[in-house]
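For reference, the structure is listed below as structure tokens.
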Amino acid sequence: MSDRRRRVGGWGFEGERYPLPPDLLQWLQHRLGPCDGRVADTPPDVRLPGPRALPAFPLEIGREPHDRLAHARGQGLPDLLRFRTGTVTSAPDGVVRPTDDAQVEAILRACAAAGVRAIPFGGGTSVTGGVNSVAGDTPVVALDLERLDGLGDVDGESGLATFGAGIRGPALEAALARYGLTLGHFPQSWELSTLGGWIVTRSSGQESLGYGSIDALVAGLTLVAPAGRLELGARPASAAGPDLRHLVAGSEGRLGIVTRATVRVRRRPPVLVVTGTVLPSWRAGLSAARDVVQEGVPLTLLRLSDECETTVGMALGLARRGIVGTLVRRWLAARGAWEGGCLMLLGAAGDPSTVRRTLGDARAILRSHGGVGLGRTPGRRWLSDRFRHPYLRDALLDAGVATDTLETAAPWARLERVREAVGTALTSTLVHEDEQVVVLAHVSHPYRDGASLYFTLFFRCPPDPAQAIARWATLKRAATEAIVAAGATLSHHHGVGSWHAPWLEREIGPAGAALLGDAARRLDPTGILNPHVLLDPTDRLES
Ligand SMILES: Cc1cc2nc3c(=O)[nH]c(=O)nc-3n(C[C@H](O)[C@H](O)[C@H](O)COP(=O)(O)OP(=O)(O)OC[C@H]3O[C@@H](n4cnc5c(N)ncnc54)[C@H](O)[C@@H]3O)c2cc1C
């Protein structure tokens, strides 16, 4: 647990900010038009409906308004807008913080008997409406898992470590560092998100190319459900029927509460080096990324920005570097890599000689695709800010610019068509309102057969929160329809939550949805656990 006070209605901790680079604001305003719909930074007093009666639990129930508000919603754009404008209309009636499995069991038993909805709350960083309290007739309790945060056991010989599921990224890595180990799971939300949250949303970290996504890192877990407990012991592999860990991974609190997990850990690499290369075009970048991965170069990280993201990320950075920036730009232009160029970051971890060899092998492939190396500077800058970028969302809102992200994955052969389809959906949707949308994209989790595509969008934020949320919902629906129609996945790593749930059946089919529904009913017969995520097809984008 951190001593720093979490912000409500914004990213991170009180008092921390990421100043908005003036060049970025100017660049956005040039494309969007003047942005004067500033959304107040200080949330007004929020009048939550009074808490309803809850059954007796074997631990204290938090009823204090600030605590209830802090557990009312996650971190998606509409959540931030509602927090900031004091328009959060529903919140849990109480917050409980269990310290062990017995307490979790007792809480779930009491909720099931009284028909109270129970929402597991890890770090609350969901960007899919996963922790949102939906207004309804039955009371809601938030199960904040922050006290299930201990290191249980380290088996150094096998490379396994067991943690309470409520542990956050920094505490988990600090505990492993004492043994010279790492999990290697670094989502951008790492400072606030939790091991249990990562597992049930099937999270991917920025170094997933080297370490794998969380699915690959979980060896065993305990799930506590209203109808019983699932103990899935750590085994290196098993042919004993379907892998139930994969039923829990992605279950988003519908099947039970992950209270503990055993994860696969590795020796901490002595160095992590990230270098930058400019590829002459997005297509050249995609081919180069595919070749690097299919050749099996053991990188830990590969990230390819499209032309627009490259302009924002690199040109603005270079512009701030005065004469050096000008010289680098000229040098790149002379090599045909500036106009339309796409920045690729490559990361390698290990001892210095392995890192040198790995980066050398990758760079040789990139050169054959016209890549021009930029050295370590872009990588250093990215590494030093990688967990601070989310603060920019708040700074942009302060300036009247709304920003959101969405992501998907598709095979290499269809990736470009997906990017075009999503980009067109986003940029054309607000045309009738005469509003522009700026869209950036990157590839950040490549596989042998395809990759994830990640989009960042910017649009002018109307001062009226209902109008701003409606604008966001229109964009979200259009992008999600485009993703599903293109045969790409609803989500590579943010999960389904309540916002993507209406589209899930289109991806997994009626039999798939029925199977998941049956599993949920078996473990949670009265349907009290997070009932509005994953399997509830109601469109809740504007709720
Ligand atoms: C700025 C920002 C950057 C992000 N970057 C990434 C990224 O790089 N990669 C990535 O994968 N995701 C990213 N995310 C999304 C989010 O951080 C992940 O989905 C994360 O895994 C959620 O973890 P959490 O602990 O915050 O879970 P929460 O948000 O608290 O919960 C998420 C869902 O899981 C359920 N849940 C939580 N804990 C448990 C448990 N122990 N047992 C059962 N159910 C539980 C909740 O009820 C909810 O449905 C980002 C989000 C933000 C806001």
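Whatever order the structure lists ligands and atoms in, that order sets their numbers, starting from 1. What you see below is based on every heavy atom in this structure, not just the backbone, and it leaves out hydrogens, waters and symmetry mates.
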Would a 4.5 Å heavy-atom cut-off, applied to side chains only, mark F163 and L172 as touching? yes
Using a 3.5 Å cut-off on N or O atoms only, is S193 in polar contact with ligand 1? no
Looking only at N/O atoms, are F121 and ligand 1 under 3.5 Å apart anywhere? no
Is it true that S204 lies under 4.0 Å from ligand 1, counting heavy atoms only? yes
Using every non-hydrogen atom in the two residues, find where V292 and L302 come nearest and quote the distance to one decimal. CG1-CD1, 4.1 Å
Ligand 1 N/O within reach of L145 N/O, cut-off under 3.5 Å: no
If you measure every N/O of G123 against every N/O of ligand 1, is any gap under 3.5 Å? yes
N/O separation below 3.5 Å, R393 to ligand 1: no
Interfacing atoms of ligand 1 (cut-off 4.0 Å, heavy-atom, Q75): 53 (C)
Test side chain to side chain contact (heavy atoms under 4.5 Å, CB included) applied to T408 and V418, step by step: CA-CA 9 Å; T408 180; V418 175; 4.0 Å; yes
Within a distance under 4.0 Å of any heavy atom of W198, pick out the atoms of ligand 1 and give their elements. 21 (O)
Decide, yes or no, whether a salt bridge links E146 with R6 under the criterion of side-chain N to carboxylate O below 4.0 Å. no
One finds that the ligand 1 atoms under 4.0 Å from a non-hydrogen atom of G256 are 43 (C)
Have a look at ligand 1 and work out which part of V127, if any, has a heavy atom under 4.0 Å from it: side chain, backbone, both or neither. side chain
What is the distance from atom CD1 of I199 to atom OG of S251, rounded to the nearest 0.5 Å? 9.5 Å
Walk me through whether Y454 and H493 qualify under side chain to side chain contact (heavy atoms under 4.5 Å, CB included). CA-CA 10 Å; Y454 187 96; H493 58 266; 4.0 Å; yes
Tell me whether V258 has any N or O atom under 3.5 angstrom from an N or O of ligand 1. yes
Looking only at heavy atoms of S251, does any of them come nearer than 4.0 Å to an atom of ligand 1? no
T201 and H494: side chain donor to acceptor below 3.5 Å: no
Answer yes or no: does an N/O atom from S189 fall short of 3.5 Å to an N/O atom of ligand 1? yes
How close does the nearest protein non-hydrogen atom get to atom 47 (O) of ligand 1, and which residue and atom is it? P120 O, 2.6 Å
The reported gap from CG in L272 to CD in E207 (rounded to nearest 0.5 angstrom) is 5.0 Å
List the closest protein heavy-atom neighbour of atom 48 (C) of ligand 1: residue, atom name, distance to the nearest 0.1 Å. G130 O, 3.4 Å
Side-chain ion pair, R63 and D67, N-O less than 4.0 Å: no
Who's the nearest protein heavy-atom neighbour of atom 10 (C) of ligand 1, and how far? H493 CD2, 3.3 Å
Looking only at protein heavy atoms, which one is nearest to atom 8 (O) of ligand 1, and what is the separation? Q188 N, 2.8 Å
Ligand 1 atoms in contact with P390 (distance to a heavy atom under 4.0 Å): 1 (C)
Can you list every salt bridge (charged side-chain N to carboxylate O under 4.0 Å, His left out) pair that touches residues 244-253, not counting sequence neighbours? D243-R245
Closest to atom 35 (C) of ligand 1 (judged by heavy-atom distance), picking from V131, V224, V200: V200
To check your reading of the model: name the closest protein heavy atom to atom 27 (O) of ligand 1, its residue, and the distance in Å. G197 CA, 3.6 Å
Nearest protein heavy-atom contact for atom 29 (O) of ligand 1: which residue, which atom, what distance? S126 N, 2.8 Å
Where's the contact between T201 and ligand 1, heavy-atom distance under 4.0 Å: side chain, backbone, both or neither? side chain
N/O separation below 3.5 Å, W11 to ligand 1: no
Without hydrogens or angle criteria, can the side chains of S208 and S204 be said to hold a donor-acceptor pair below 3.5 Å? no
For ligand 1, which is the ligand I care about here, please tell me if P187 has any N or O atom under 3.5 Å from one of the ligand's N or O atoms. no
Could you identify the single nearest non-hydrogen protein atom to atom 26 (O) of ligand 1 and state the distance to 0.1 Å? T125 OG1, 2.6 Å
Can you confirm whether L440 sits close enough to V312 that some side-chain heavy atom of one is under 4.5 Å from a side-chain heavy atom of the other? yes
Short N or O distance, A165 and ligand 1, threshold 3.5 Å exclusive: no
Heavy-atom side-chain contact between L24 and L20 under 4.5 Å: yes
With a 4.0 Å cut-off on heavy atoms, is G495 touching ligand 1? no
Taking only non-hydrogen atoms of S203 and a 4.0 Å limit, the atoms of ligand 1 in range are 10 (C), 11 (O), 21 (O)
Show, in sequence, the C-alpha distance, side-chain angles and deciding distance for Q103 and R97, and conclude whether the side-chain hydrogen bond (donor to acceptor under 3.5 Å, both in side chains) test is met. CA-CA 9 Å; Q103 287 192 342; R97 294 177 168 82; over 6 Å; no
If you scan protein heavy atoms around atom 25 (O) of ligand 1, the nearest is T194 OG1, 2.6 Å
What are the atoms of ligand 1, with element, lying closer than 4.0 Å to any heavy atom of G253? 43 (C), 44 (N)
Within residues 109-150 or reaching into it, pairs that qualify as ring-ring contact (aromatic ring centres under 6.0 Å, His included) - sequence neighbours excluded: H71-F121
Is any side-chain N of the basic residue among R84 and D398 closer than 4.0 Å to the acidic one's carboxylate O? yes
Please tell me whether S444 and Q206 have a donor and an acceptor in their side chains that are separated by less than 3.5 angstrom. no
